[in-house]
2 protein chains.
Amino acid sequence: MTAAAEPVRPVRLLLADDEHLIRGALAALLALEDDLLVVAEAASGPEALAMARAHEPDVAVLDLQMPGADGVRVATSLRAELPGCRVLIVTGHGRPGHLKRALEAGVRGFVPKTVSAQRLAEIIRTVHAGNRYVDPELAADAISSGDSPLTAREAEVLELAADGAPVVEIAERAALSQGTVRNYLSSAVSKLGVENRHAAVRLARERGWV
Amino acid sequence: MTAAAEPVRPVRLLLADDEHLIRGALAALLALEDDLLVVAEAASGPEALAMARAHEPDVAVLDLQMPGADGVRVATSLRAELPGCRVLIVTGHGRPGHLKRALEAGVRGFVPKTVSAQRLAEIIRTVHAGNRYVDPELAADAISSGDSPLTAREAEVLELAADGAPVVEIAERAALSQGTVRNYLSSAVSKLGVENRHAAVRLARERGWV
DNA sequence: ATCCTCCCCTGACATTTGTCATGCCGACCG
DNA sequence: CGGTCGGCATGACAAATGTCAGGGGAGGAT
């Protein structure tokens with residue numbers, strides 16, 4: 001484990017996760033790999049962004065759920081500001097919609113936290129080399145969930161219905177008649193094959209369609 | 001860091017978390033402490049129970065959300081089978097109700113994953129010494145959220161309503177008239193000060209009242 | 001013992017939500 | 001050009017949900 005014999009420049013990493021315990025542990029484990037170097041850590045979305053600007057890492061390893069701005073949002077900003085920085089998203093419970101949003105934001109890797117640290121190190125190298133990596137199981141979920149069958153208005157109305165607001169309020173906010181709102185809701189419910197609008201909201205959220 | 005000079009018997013730990021990445025990292029970090037020894041790991045509730053029976057650890061460090069049986073359920077079983085084994089629950093997003101259930105199950109410690117590894121090691125020692133430790137912020141949340149204002153039946157009906165089932169079905173499963181079911185739902189809604197039953201379900205879940 | 005309060009339960013009524021038949025408009029195709 | 005299809009929009013009707021007034025019983029307080 002010497003330096004002179006290894007002229008390779010290490011991969012510089014940014015680690016962002018709001019759970020100190022995990023972030024610290026992860027940093028310790030990744031530090032064991034000779035070719036990886038953690039140059040910055042962050043506990044929130046905005047902090048991750050600031051750290052990235054300051055340290056210009058090669059790869060940013062971001063947790064999906066963080067206070068301030070989630071991993072995907074950070075990735076979007078990073079894409080614009082630091083095009084050379086690859087983004088790898090790590091997540092606890094991977095919902096199909098997140099993966100889709102993430103890929104659209106230019107994220108290069110997407111893995112659940114169930115992988116081992118060694119595997120993660122490999123994936124970091126893969127991503128750094130310019131390749132993509134998404135967890136096969138999450139990918140399968142995303143593909144099977146497919147594209148949204150909802151029309152623009154249906155999605156809009158469903159979103160307004162998300163917090164349990166009554167139809168009158170939705171109608172007002174969407175500048176529609178109550179009947180029309182019910183119609184879109186009903187249509188969404190039948191397209192999604194669920195019992196009522198609340199289940200529809202849940203499903204659409206899971207699939208990332210709202 | 002030698003052995004002969006330190007005759008203390010290390011604290012034997014069981015680590016249970018379904019996220020391999022985190023569990024592995026945690027094990028590595030805790031291994032750095034001379035007086036802590038990870039003797040078993042598990043990725044699910046039942047597995048944690050089996051491991052505990054086999055290795056009889058001094059302290060079980062359990063994640064709250066695991067497949068099979070959650071941390072609190074495991075703690076309950078452990079309490080009966082291995083009274084000498086202290087339980088410490090570690091959780092990502094600490095909802096007030098969980099803490100209450102955990103303490104009732106005889107858990108000795110309850111901390112969020114935002115603590116540092118060093119702090120966790122200290123807390124493990126605290127718990128092993130027979131003392132209790134709960135994260136101050138979580139404790140404050142739990143106290144401020146208070147006890148459930150719902151009666152037994154109200155909670156029961158609300159739980160049956162949780163997956164969006166229609167009233168008729170709830171009435172059937174609870175062996176009540178539809179009117180009664182509506183009544184309990186309505187009562188719960190007004191007690192919780194929310195708009196409709198779905199919001200009530202969400203709130204009650206958050207507070208741990210169902 | 002009697003009152004009072006709280007919980008459990010019910011049916012009738014008003015409101016909200018879900019479903020249906022229908023019309024309008026723009027896009028695409030023959 | 002005329003026809004057809006899918007998205008947008010509406011109101012009338014049926015079904016589910018929420019609200020109300022009230023009756024019966026258990027347990028604690030006076």
Side-chain angles (χ1 to χ4, degrees), chain A residues 97 100-101 104 145-210, chain B residues 97 100-101 104 145-210:
Chain A
K100 193 153 182 291
R101 278 200 310 137
E104 280 165 5
S145 84
D147 258 12
S148 172
L150 304 175
T151 69
R153 287 276 190 263
E154 283 164 359
E156 181 190 344
V157 169
L158 200 56
E159 190 152 17
L160 288 172
D163 51 4
V167 172
V168 264
E169 194 180 316
I170 300 172
E172 205 168 295
R173 289 213 277 165
L176 290 176
S177 105
Q178 298 187 22
T180 307
V181 170
R182 291 201 206 96
N183 222 223
Y184 284 139
L185 252 20
S186 179
S187 161
V189 162
S190 76
K191 277 180 181 175
L192 268 50
V194 292
E195 277 297 302
N196 53 42
R197 69 159 105 173
H198 304 282
V201 167
R202 273 210 305 258
L203 187 60
R205 274 217 187 298
E206 269 177 27
R207 299 270 223 269
W209 292 337
V210 293
Chain B
K100 192 154 185 291
R101 280 201 307 139
E104 281 165 3
S145 86
D147 259 11
S148 171
L150 304 175
T151 69
R153 286 276 192 263
E154 283 164 359
E156 182 190 342
V157 169
L158 201 55
E159 189 151 19
L160 288 173
D163 50 6
V167 172
V168 264
E169 193 180 317
I170 300 172
E172 204 168 296
R173 290 213 276 165
L176 289 177
S177 105
Q178 297 188 23
T180 307
V181 170
R182 290 201 206 98
N183 222 221
Y184 284 140
L185 252 20
S186 179
S187 163
V189 163
S190 75
K191 277 182 181 174
L192 297 177
V194 292
E195 277 296 303
N196 53 42
R197 69 158 103 175
H198 304 283
V201 166
R202 273 210 305 255
L203 188 59
R205 274 218 188 295
E206 268 177 28
R207 299 269 224 270
W209 292 337
V210 293

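Only heavy atoms go into these numbers, but all of them, side chains included; no hydrogens, no water, no symmetry mates. Per chain, numbering begins at 1; letters A, B, ... match sequence-line order.
Map B:P149 and B:Q178 each onto its nearest nucleotide of DNA chain C; the residue landing nearer the 5' end is B:P149.
Using a 4.5 Å heavy-atom threshold, the side chains of A:V201 and A:L158 count as touching. Residues A:Y184 and A:L176 are in side-chain contact: their nearest non-hydrogen atoms beyond the backbone lie under 4.5 Å apart. Residues B:D163 and B:E169 have side chains not in contact (no heavy-atom distance under 4.5 Å, counting atoms from C-beta outward).
When distances run from any side-chain atom of B:R182 to the nucleotides C:dT19, C:dA12, C:dT17, the shortest one goes to C:dA12.
Per the geometry, CG belonging to B:N183 stands 11 Å off C1' belonging to C:dC7, to the nearest Å. Between the OH atom of A:Y184 and the P atom of D:dG6 there is a distance of 16 Å, given to the nearest Å. When rounded to the nearest whole Å, the span between CG of A:L150 and P of D:dG6 equals 17 Å. If you measure from atom CG of A:L185 to atom C1' of D:dC8, you get 15 Å, rounded to the nearest angstrom. As a whole-Å value, the separation of B:L176 CG from C:dC7 C1' is 13 Å.
Within 4.0 Å (heavy atoms only), A:S177 reaches sugar-phosphate atoms of the nucleic acid but no base atom.
Note that the CG atom of B:L185 and the CZ atom of B:R197 stand 5.0 Å from one another [nearest 0.5 Å]. In this structure, CD in B:E206 is found 11.0 Å from CG in B:L192, a value given to the nearest 0.5 Å. Taking CD of A:E159 as the start and CD of A:E154 as the end, the distance is 13.5 Å to the nearest 0.5 Å. To the nearest 0.5 Å, atom CG of residue A:L150 and atom CD of residue A:E156 are 12.5 Å apart.
Under 4.0 angstrom from either OP1 or OP2 of D:dC8 there lies no side-chain N or O belonging to A:T180.
Taking every heavy atom of residues 191-200 of chain B and every atom of DNA chain D, pairs under 4.0 Å involve B:N196, B:R197, by number. Against DNA chain D, the stretch residues 151-164 of chain A makes heavy-atom approaches under 4.0 Å through A:T151, A:R153.
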| request: Tell me, with the steps shown, if B:T151 and B:K191 meet side-chain contact (heavy atoms from CB on, under 4.5 Å). | output: CA-CA 10 Å; B:T151 69; B:K191 277 182 181 174; 3.7 Å; yes

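The salt bridge (Lys or Arg N to Asp or Glu O under 4.0 Å) search around B:E104 returns B:K100, not counting sequence neighbours.
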